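One-based numbering along the sequence shown. It should be emphasised that the depicted structure is a prediction, and the values quoted were computed from it without experimental measurement.
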Amino acid sequence: MYIERRISDTIRKLSRQFPVVLLTGPRQTGKTTLLQKLSENDPVHKRTYVSLDDPNIRELAVNDPALFFQRFDGPLLVDEIQYAPGLLTYIKMIVDKDRFAVVQGEKEALQINGKYWLTGSQMFQMMKGVSESLAGRIGIVRLQSLSNNEIRQTGFGPFIPESDELRRRSKTAPFMPVNETFSGILRGGMPVLAGNPGLDPENYFSAYIQTYLERDIRDVTKAANELQFHTFLQIAAAHTATMVVYDDLAREAGISAPTAKQWISILISTGIVTLLQPWSSNTLKRIIKAPKLYFLDTGLCAWLLKWKAPDTLEAGPAAGAFYETWVISEVYKSFLNAGLEPPLYYYRDKDKREIDLLIHQDGKLYPVEIKKTATPDRSMIKSFSVLGKAVKVPESDSAPFTPVLGNGALVCQIPQFLPIDANNSYVPVGFI
C-alpha cells in the first residue's frame, strides 16, 4: 500500500526551479518509491530509472561516466548516487551546456529544469561532491520515515502552536488514546511497516540494522568496528531525549570521546538521529549549552532497546523519553516535509528550568512542553516565564533581532484542545 508523502509538493516545486533535485535520507524511507510515483505523473519528462545498486551499471558509472551518459540520456532518475560521485561532475557539464542552449534560444527552461532526479542515503560522503559540483544547480530535499500526519493523511503542515492553526486542526485531528499513541511509537514510521500491518518489526529492524552497518557504516568509515558500532547505537538509543555528554557515551561504549563524537556525527549524517541545540540569548546567562539527542524513528529506537509491547513501554521507565522523542521527531518531520529546515531548540538552565521545545519561526519564539498525561495542569508550563527576559513585546522597536514570544503549548494526552490562559493551550498529541 502506497502512502502519499507530504514532501511531494516540495519536490515538484524544486523540480521546476533547478535542473537537478537530490532526495536524501536514511535507508528504506521510501525515496525511490516516492520519485518513481512522481515520475509517473511528470507532464514534462519521461524519466529513465537507473539504480547504481546494480553492480554492472555501477561499474560503468564509476569507470566511464561519459559512456554512462551516452547510454542513459536524460531525463534520468539515478538511484544511490553516492556509489558513483564522479557522475556529479558530468551532470554539471550537461546542465551548464543546457543552460547555454536556453540563453541561445535553442531550448526552453522547462526542458532542463528537473532533468536529473537523484537519491542518496549517505549524506556524509555525498554532500561534499554536491556542493563542489552542483552549487546553484541543485535543490536538496531530506526525507525521513513516515510521520503520523502522513500515516493518518490528516494534511497538516509544519506544527506551529498559533491559536488559529490549532483551532483548524481541532476540526479534523484524530484523538489518540495512550495505547494507540504508544503502538505508533513502538512501530515507528518506516513505510514497509506502515504499509504492511502484519509484518513483524523484530525481523524488519534486524535486517535493517544489518544492512545499515554493512553498507552505510562500512562505506562512511573504514575504521568503525561493526559490532562495536552496533553497541554504540544501542547506547545512543538509551540516551534519546537526553543531553549529549560525549565522555559518558564514550565510557559506556568503551571508546574515546572523540570517537563518540565522530560516531554521533555519522548517525546525524545518515539521518538516524538529530541534535536539538539549546536556545541562546544574551539576556539569559545561565543556559546549559549541551545539545539534546533524539532518534528520528522511534520504532528503530525501541527495537534497539528490546521493547516489544506498547503497554510495557508505556508503563516502563522509558515512557517519558519515548513520548518526548516521538513528539519532537513528528514536529521535525513536519518542517522537513514542507521543505523547511526545522527551526527547533530547547531550553535548560543551571537552575534546572527546562522547556522541551522552542520553535523559532517568522520572528516568533513558541514554547512547547511535552507530557505523557491526560490530566495536565498549568504548573507544567511554569518554565515558560523565563522567556520573558529573552523576548520583546510586539510593539517594541528595540532589539530588532530579538523574537516576539508566540503562543505556547502543552502537548499531552488530553482529549480536546483547551486554553490554559490567553497565550497558552493544552494540545492533544494527535494535533502534531
Side-chain angles (χ1 to χ4, degrees), residues 144-149 151-152 154 156 159 161 166 169 173-190 194 201 236-243 272-276 292-334 342 344-348 354-359 366-377 379-381 383-384 408-418 420 424-432:
Q144 278 290 329
S145 60
L146 287 160
S147 65
N148 183 59
N149 181 11
I151 292 171
R152 295 174 176 272
T154 49
F156 298 147
F159 178 76
L166 294 176
R169 296 190 182 206
F175 170 59
M176 293 178 60
V178 70
N179 60 332
E180 189 175 323
T181 301
F182 273 84
S183 291
I185 289 173
L186 192 69
R187 197 165 182 86
M190 289 296 186
H239 284 264
T240 191
T242 67
M243 288 183 293
I272 301 298
V273 306
T274 190
L275 295 184
L276 224 61
K292 288 183 76 172
L293 174 74
Y294 290 97
F295 268 66
L296 290 172
D297 188 87
T298 51
L300 174 60
C301 188
W303 179 83
L304 286 166
L305 296 177
K306 311 303 181 186
W307 292 104
K308 298 182 184 299
D311 55 342
T312 305
L313 175 59
E314 188 271 325
F322 269 89
Y323 193 83
E324 181 180 329
T325 297
W326 188 77
V327 171
I328 296 290
S329 67
E330 289 296 318
V331 176
Y332 187 92
K333 292 175 189 178
S334 77
L344 310 183
Y345 304 86
Y346 84 101
Y347 176 87
R348 183 177 173 87
E354 185 169 5
I355 301 171
D356 292 327
L357 176 63
L358 293 169
I359 304 171
Y366 301 92
V368 179
E369 193 66 23
I370 303 164
K371 297 292 184 185
K372 185 194 73 91
T373 179
T375 55
D377 64 75
S379 68
M380 295 176 179
I381 63 165
S383 292
F384 288 6
L410 172 54
V411 176
C412 58
Q413 288 299 132
I414 197 169
Q416 60 181 324
F417 165 55
L418 292 171
I420 300 174
N424 303 291
S425 303
Y426 297 123
V427 176
V429 73
F431 282 33
I432 303 299

Sole residue of Thr240, Thr325, Leu296, Ile272 in side-chain contact (heavy atoms from CB on, under 4.5 Å) with Cys301 = Thr240
Hey, are the side chains of Pro376 and Ile381 touching, using non-hydrogen atoms and a 4.5 Å cut-off?
-> no
OH-CG distance between Tyr346 and Leu358, expressed to the nearest 0.5 angstrom = 10.5 Å
Which side-chain hydrogen bond (donor to acceptor under 3.5 Å, both in side chains) pairs, counting each pair once, include a residue from residues 309-319, with sequence neighbours left out?
-> Glu314-Lys372
If you look at every heavy atom in Gly188 and Ile151, which pair is closest and at what distance?
-> O-CD1, 4.4 Å
Point-to-point distance, once rounded to the nearest 0.5 Å, from CD of Glu330 to CD1 of Ile370 = 11.0 Å
How far apart are the closest heavy atoms of Leu186 and Trp307, and which atoms are they?
-> CD1-O, 3.5 Å
So OH of Tyr345 and NZ of Lys292: to nearest 0.5 Å the spacing works out to 16.0 Å
Can you find a pair of side-chain heavy atoms, one from Trp303 and one from Pro201, that are under 4.5 Å apart?
-> no
Would you say the side chain of Asp297 lies within less than 4.5 Å of the side chain of Ser329, judging by non-hydrogen atoms?
-> no
Provide the closest heavy-atom pair for Thr298 versus Ile185 in the form atom of the first, atom of the second, distance.
-> OG1-O, 2.7 Å
Taking the side chain as C-beta and beyond, is there a heavy-atom pair between Arg187 and Pro310 under 4.5 Å?
-> no
So, the side chain of Ser334 versus the backbone of Phe159: is there a donor-acceptor pair under 3.5 Å, distance only?
-> yes
Rounded to the nearest 0.5 Å, what separation is found between the CG atom of Leu410 and the CG atom of Asp377?
-> 8.5 Å
From Asp356, Asn148, Val411, Thr181, residue fulfilling side-chain contact (heavy atoms from CB on, under 4.5 Å) relative to Val327 = Val411
Taking the side chain as every heavy atom from C-beta outward, state whether Tyr426 and Met380 have any atom pair closer than 4.5 Å.
-> no
Check whether any side-chain heavy atom of Leu305 sits under 4.5 Å from a side-chain heavy atom of Phe322, and report yes or no.
-> yes
Answer whether the closest heavy-atom distance between the side chains of Val331 and Ile432 falls below 4.5 Å.
-> yes
Between Tyr294 and Ala241, the two heavy atoms sitting closest are CE2-CA, 3.5 Å
Do you know which two heavy atoms are closest between Pro161 and Val368, and how far apart they sit?
-> CG-CG2, 4.3 Å
Could you tell me whether a side-chain N or O of Asn149 sits under 3.5 Å from a main-chain N or O of Phe156, the two making a donor and an acceptor?
-> yes
Quick one: do Ser383 and Arg348 satisfy side-chain contact (heavy atoms from CB on, under 4.5 Å)? Show the steps, please.
-> CA-CA 9 Å; Ser383 292; Arg348 183 177 173 87; over 6 Å; no
With side chains defined as the heavy atoms from C-beta onward, is the minimum distance between Ile359 and Leu344 less than 4.5 Å?
-> yes
What pairs with Arg169 under salt bridge (Lys or Arg N to Asp or Glu O under 4.0 Å), at least two apart in sequence or on another chain?
-> Glu165
So, Gln413 and Tyr323: side-chain donor and acceptor under 3.5 Å apart, yes or no?
-> yes
What one should report as the nearest heavy-atom pair of Leu313 and Ala318 is CD1-CB, 4.5 Å
Does the distance from a Lys or Arg side-chain N to an Asp or Glu carboxylate O, for Arg152 and Glu180, drop under 4.0 Å?
-> yes
